[in-house]
Amino acid sequence: MSAYKWFPIETIQHLNDEVYTLSFRGEFPAKPGQFYMLKINTTNDPLLGRPISVSDVDGDRIVFLIQVLGRGTAMMQSMRPGDKIGLFGPLGNGFRITEGKTALFAGTAGIAPLLYLAKNLPTKPDLYAGFRSSSYYTEEFREHVDEIYIATEDGSEGYRGYALDLLDANAYEKVYICGPMPMIVATMKKFPEANLEVSLEARMGCGFGACLSCNTRTHKGGLRICKEGPVFDAKELIL
């Protein structure tokens with residue numbers, strides 16, 4: 001796996017039982033919306049890297065927000081500062097920067113790629129974030145956004161219900177979205193004429209378009225989330 005470069009973990013921060021951040025130091029020329037493949041070790045167990053969105057780049061420091069979704073991300077959660085992880089990237093196409101008033105719309109760990117985007121937009125956006133229970137990672141946005149709207153399904157914080165109930169996508173020049181697929185589909189159905197830009201998630205084998213394991217249906221035909229995405233204009237997608 002010569003494409004991977006190995007970096008010691010600088011920090012690991014556990015936000016709750018299943019969400020954590022990893023940071024590394026080095027040269028990381030990533031754009032908002034791009035991702036890296038993260039590989040745990042050189043023994044090929046697990047064999048494949050995990051696609052993880054770039055959450056923030058600050059000078060020579062890169063941060064990833066990760067949710068435990070399987071064995072690989074669980075193994076990374078148990079690692080410690082100084083342990084080395086292989087990084088391959090940046091990969092994919094990032095968000096397209098838009099002038100005017102914009103919104104960030106996140107569902108649970110979909111908040112991950114939106115912080116670096118918020119820091120690079122010409123005008124401070126509003127953040128709408130939905131969680132099952134208590135929120136996480138929203139304070140990192142505080143100085144980079146105008147307003148933060150939080151919704152929790154159990155009512156433990158903010159609005160009781162879904163963040164989609166709070167959003168009027170037609171009031172913005174563009175809404176940038178990342179989160180679970182049902183949330184993305186519901187937003188597209190509710191605001192069919194709005195300018196929505198969507199970051200999709202998928203299981204990936206290679207991360208650069210060779211294995212064709214992450215195709216998604218679009219009006220242009222099947223496109224690879226890792227290569228032509230992960231960011232798409234919502235009007236391109238057939239979901």
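In this structure the side chain of Ser133 never reaches within 4.5 angstrom of the side chain of Thr152, judged on heavy atoms. When side chains are defined from C-beta on, Arg132 does not count as touching Asp154, because their heavy atoms never get closer than 4.5 Å. Put simply, the side chain of Leu15 reaches to within 4.5 Å of the side chain of Thr21, judged on heavy atoms. Side-chain contact between Ile52 and Leu22 is absent, with no heavy atoms from C-beta onward closer than 4.5 Å. Leu114 places none of its side-chain heavy atoms less than 4.5 Å from the side chain of Phe105. In this structure, the side chains of Tyr176 and Pro125 stay at 4.5 Å or more apart for every pair of heavy atoms. Taking the side chain as every heavy atom from C-beta outward, Leu104 and Phe95 never approach each other to under 4.5 Å. When side chains are defined from C-beta on, Cys226 does not count as touching Leu91, because their heavy atoms never get closer than 4.5 Å.
Placement of Phe35 and Leu65 in two distinct hydrophobic clusters is found when ILVMFWY residues are connected by side-chain heavy-atom separations under 4.5 Å, directly or transitively. Residues Ile66 and Val68 fall within the same hydrophobic cluster, defined by Ile, Leu, Val, Met, Phe, Trp and Tyr side chains chained together at heavy-atom separations under 4.5 Å. Leu121 and Val57 sit in two unconnected hydrophobic clusters of ILVMFWY residues. Membership requires side-chain heavy atoms under 4.5 Å apart, directly or through other members. Under a hydrophobic-cluster definition in which Ile, Leu, Val, Met, Phe, Trp and Tyr are linked whenever side-chain heavy atoms come within less than 4.5 Å, directly or via other members, Ile12 and Tyr36 are assigned to the same cluster. Ile62 and Ile111 end up in different hydrophobic clusters when Ile, Leu, Val, Met, Phe, Trp and Tyr side chains are linked at under 4.5 Å.
With Arg80 contributing its side chain and Ser78 its backbone, the two residues share a donor-acceptor pair below 3.5 Å. Under a 3.5 Å cut-off, the side chain of Asn93 and the backbone N or O of Pro230 do not form any donor-acceptor pair. When atom types are taken as modelled, the side chain of Glu228 and the backbone of Asn215 share no donor-acceptor pair closer than 3.5 angstrom.
Within 6.0 Å of atom NZ in Lys174, more than 12 heavy atoms from other residues, nucleotides or ligands are found, so the atom counts as buried in its surroundings. Atom NZ of Lys31 sits in a sparse spot, with 12 or fewer heavy atoms from other residues, nucleotides or ligands closer than 6.0 Å. Residue-environment remark: NZ (Lys190) exceeds the threshold of 12 foreign heavy atoms within 6.0 Å. Heavy-atom neighbours of Arg25 CZ from other residues, nucleotides or ligands within 6.0 Å: above the threshold of 12. Within a 6.0 Å sphere centred on CG of Asp60, other residues, nucleotides and ligands contribute more than 12 heavy atoms. No more than 12 heavy atoms of other residues, nucleotides or ligands shown are found within 6.0 angstrom of NZ on Lys84. Shown here is Tyr162, whose OH atom has no more than 12 heavy atoms of other residues, nucleotides or ligands within 6.0 Å.
When all heavy atoms of Gln34 and Gly92 are compared, the pair lying nearest together is NE2-O, 2.9 Å. Minimum heavy-atom separation, Phe131 to Ser135: CE1-CB, 3.4 Å. Shown here for Gly100 and Thr123, the closest heavy-atom pair between the two residues is O-CB, 3.7 Å. Pairing each heavy atom of Ile40 with each of Met75, the nearest pair is CD1-CB, 3.7 Å. Heavy-atom minimum distance, His219 versus Leu237: NE2-O, 3.8 Å. For the residue pair Ala109 and Gln67, the shortest heavy atom distance occurs at CB-OE1, 3.4 Å.
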*When you look at Tyr136 and Asn16, which way does the side-chain hydrogen bond (donor to acceptor under 3.5 Å, both in side chains) test go after all the steps?*
CA-CA 8 Å; Tyr136 50 81; Asn16 58 35; 5.2 Å; no
*asked:* Is there a side-chain contact (heavy atoms from CB on, under 4.5 Å) between Thr108 and Val19? Walk through the geometry before answering.
replied: CA-CA 10 Å; Thr108 61; Val19 179; over 6 Å; no
*Any chance you could lay out the side-chain contact (heavy atoms from CB on, under 4.5 Å) test for Met183 and Leu164, step after step, and finish with the verdict?*
CA-CA 8 Å; Met183 183 198 85; Leu164 183 57; 5.7 Å; no
*asked:* With side-chain hydrogen bond (donor to acceptor under 3.5 Å, both in side chains) as the criterion, how do Ser23 and Thr11 come out once you've worked through the C-alpha distance, each side chain's angles and the decisive distance to 0.1 Å?
replied: CA-CA 5 Å; Ser23 71; Thr11 64; 2.5 Å; yes
*Trace of the side-chain hydrogen bond (donor to acceptor under 3.5 Å, both in side chains) decision for Thr98 with Glu173*: CA-CA 8 Å; Thr98 295; Glu173 291 295 324; over 6 Å; no
*Checking side-chain contact (heavy atoms from CB on, under 4.5 Å) for the pair Asp56/Arg61: CA distance, chi angles, key distance, verdict?*
CA-CA 8 Å; Asp56 194 18; Arg61 183 172 186 262; 5.7 Å; no
*Using the side-chain contact (heavy atoms from CB on, under 4.5 Å) rule, take Thr216 and Leu239 through it: C-alpha gap first, then chi angles, then the decisive distance, then the call.*
CA-CA 8 Å; Thr216 189; Leu239 300 177; 4.3 Å; yes
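Rounding to the nearest 0.5 Å places OG1 of Thr187 at 7.0 Å from CG of Leu167. Here CG of Leu200 is found 5.0 Å from CD1 of Ile225. Values are rounded to the nearest 0.5 Å. Note that CD of Glu197 is 11.5 Å distant from SG of Cys178, once rounded to the nearest 0.5 Å. Here CG of Leu38 is found 5.5 Å from CE of Met76. Values are rounded to the nearest 0.5 Å. With rounding to the nearest 0.5 angstrom, the CZ atom of Phe24 is 14.5 Å from the NZ atom of Lys5. Residue Ser156 holds its OG atom at 10.0 Å from CD1 of Ile150, rounded to the nearest 0.5 Å.
Remark: aromatic rings of Phe7 and Phe28 are close, center separation under 6.0 Å.
A salt bridge does not link Asp146 to Lys124: none of the charged side-chain nitrogens sits closer than 4.0 Å to a carboxylate oxygen. Electrostatic pairing of Asp126 and Lys101 counts as a salt bridge here, judged by a charged N lying under 4.0 Å from a carboxylate O.
Classification of the Tyr149-Tyr128 ring pair by plane angle, with boundaries at 30° and 60°, yields parallel. Between Tyr4 and Trp6, the two ring planes are tilted [angle within 30° to 60°].
Partner of Tyr172 under the side-chain contact (heavy atoms from CB on, under 4.5 Å) criterion, out of Val175, Asn170, Asp168: Val175 alone.
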